[in-house]
Amino acid sequence: MTSQGSTRQPKYQRIADALRAAIRSGEYGPGDRLPGENDLMATYEVARMTARQALGVLQNEGLAEARKGAGVFVRAFRPLRRRGIQRLAHEQWGAGRSIWSTDTEDRELVVDQIEVREEEANNRISDALGLPPGTRVWTRSRRFVLDGKPVLFAMSYLPSDVVADSAITQVDTGPGGTYARLAELGHGPVHFREEIRSRMPSVDEAGRLALSMGTPVIQIVRTAFAEGGRAVEVNEMTLDSASYVLEYDFGA
């Protein structure tokens, strides 16, 4: 039964399985060039499209990346482990530390493409923040680049009546970031809710995150609630799925 099932497996998938096994065994290490389309065509006696599909599988899984004019290489980037619960603890941002320090350890993180502005909230954001339609909010958009690789683009929305004239409306929010400033304003988060889904990226998202064709993104929408249940921030995050491991560690 198993043998019959394996023979029905597409040729490109069998080639991808062999290459994946070679990567995991160490035959091909981080940064090594994988056999090209011509090599795979000759070794496995398949058409170019089949060889291309096999390499595409590894790229979509985040194991390999294409370099224009050079070939397909084993990814050298070490996936980022996002510790979803520990990173949001009050002991983290309340002590003036970035919530990102839980994830990045000693790796180099750069935040770029930062834009801060006030605008009218659309219906989706108004509903999430519990505000009347058309209420003005402050938005903070930024891209996170780790070890030279764009890994996440985030857009935060905060009620104008809460954050107006505070450091949250500036590019640099100061030690502890937005949550520490909210606490100083008397609206510190005491509860968070995250919703997670996977989807294909828009053209703009693929460009911002330098994604290979066919790579999905993870979308995390986090809502922060202050004492009394008021929503004080909605943060829509778009993650390169090949760059992340999502970790949730909690008691029974």
Side-chain angles (χ1 to χ4, degrees), residues 16 30-31 33-34 36-37 49 52-82 84 87 98-100 103-104 107-125 128 137-158 168-173 177-178 194-223 233-246:
R33 184 181 183 278
L34 292 173
E37 292 177 8
M49 182 56 68
R52 186 171 299 167
Q53 286 178 300
L55 292 170
V57 168
L58 300 182
Q59 293 175 64
N60 291 343
E61 292 177 355
L63 291 175
E65 59 184 353
R67 300 178 189 171
K68 192 171 182 179
V72 177
F73 295 77
V74 179
R75 276 185 70 138
F77 181 84
R78 177 162 50 99
L80 182 64
R81 188 169 293 274
R82 182 183 189 273
R87 69 199 309 272
S98 165
I99 63 176
W100 266 79
D103 305 336
T104 58
R107 301 167 70 181
E108 181 185 9
L109 173 70
V110 175
V111 183
D112 66 6
Q113 298 185 7
I114 303 173
E115 294 184 15
V116 184
R117 61 184 180 274
E118 188 179 27
E119 61 184 39
E120 185 176 297
N122 60 33
N123 290 338
R124 183 183 79 259
I125 298 303
V137 296
W138 277 90
T139 67
R140 299 182 54 83
S141 64
R142 59 267 187 220
R143 186 179 70 161
F144 295 81
V145 181
L146 187 68
D147 296 342
K149 169 74 176 72
V151 294
L152 177 148
F153 179 75
M155 176 73 80
S156 292
Y157 303 86
L158 303 106
I168 293 173
T169 65
Q170 306 301 313
V171 169
D172 184 358
T173 56
T178 295
E194 289 193 341
E195 300 174 352
I196 303 173
R197 62 182 291 237
S198 181
R199 59 174 173 77
M200 297 309 295
S202 67
V203 173
D204 178 66
E205 290 168 339
R208 285 183 184 271
L209 295 176
L211 300 176
S212 301
M213 184 177 298
T215 302
V217 293
I218 301 170
Q219 184 178 55
I220 301 178
V221 179
R222 180 173 66 237
T223 306
E233 184 214 32
V234 172
N235 188 352
E236 297 182 333
M237 295 161 278
T238 304
L239 292 65
D240 171 10
S241 63
S243 296
Y244 274 90
V245 173
L246 305 185

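Checked against side chain to side chain donor-acceptor pair (under 3.5 Å), R52 has the following partners two or more places apart in sequence or in another chain: E37. Not counting sequence neighbours, the partners of P30 by the side chain to side chain contact (heavy atoms under 4.5 Å, CB included) test are A76. Residues satisfying the side chain to side chain contact (heavy atoms under 4.5 Å, CB included) test with A210, not counting sequence neighbours, are P150. Residues that satisfy the salt bridge (charged side-chain N to carboxylate O under 4.0 Å, His left out) test with R142, not counting sequence neighbours, are absent from this structure. Not counting sequence neighbours, D172 has no partner by the salt bridge (charged side-chain N to carboxylate O under 4.0 Å, His left out) test. Residues meeting the side chain to side chain donor-acceptor pair (under 3.5 Å) test with D112, sequence neighbours left out: R143. Applying the side chain to side chain donor-acceptor pair (under 3.5 Å) criterion to T139, with sequence neighbours excluded, gives no partner residue. Annotation: side chain to side chain contact (heavy atoms under 4.5 Å, CB included) contacts of T223 (sequence neighbours excluded): R193, F225, A231, V234. E118 is linked by a side chain to side chain donor-acceptor pair (under 3.5 Å) to S160, counting only residues two or more places apart in sequence or in another chain. Take T238 and apply the side chain to side chain contact (heavy atoms under 4.5 Å, CB included) test, not counting sequence neighbours, and it matches R199, E205, L209, V217. Here E119 pairs with R117 under the salt bridge (charged side-chain N to carboxylate O under 4.0 Å, His left out) rule; sequence neighbours left out.
Taken from CZ in F144 to CD1 in I114, the straight-line distance is 8.0 Å, to the nearest 0.5 Å. Remark: E195 CD to I220 CD1 distance equals 11.5 Å, nearest 0.5 Å. The CZ atom of F153 sits 7.0 Å away from the CG atom of D204 when rounded to the nearest 0.5 Å. The CG atom of L158 sits 8.5 Å away from the CG atom of N235 when rounded to the nearest 0.5 Å. For the atom pair S141 OG and E236 CD, the distance stands at 12.0 Å (nearest 0.5 Å). Taken from CE in M200 to OG in S241, the straight-line distance is 8.0 Å, to the nearest 0.5 Å.
Salt bridge K149/E65: absent, no basic N to carboxylate O contact under 4.0 Å.
The two residues P201 and P216 come nearest to each other via the heavy atoms CD-CA, 4.2 Å. Here the closest heavy-atom approach between residue R67 and residue G31 is recorded as NH2-CA, 4.3 Å. In plain terms, the two heavy atoms of L211 and T215 that are nearest each other are CD1-O, 4.1 Å.
Side chain of R140 to main chain of Q170: a donor-acceptor pair is present (N/O by atom type, distance under 3.5 Å, no hydrogens or angles). Looking only at distances, a side-chain donor or acceptor of R33 sits under 3.5 Å from a matching main-chain atom of A70.
Residues Y157 and R124 form a side-chain contact, since some pair of their non-hydrogen atoms from C-beta on lies under 4.5 Å apart. When side chains are defined from C-beta on, V74 counts as touching L34, because their heavy atoms get closer than 4.5 Å. Put simply, the side chain of V72 does not reach to within 4.5 Å of the side chain of L58, judged on heavy atoms.
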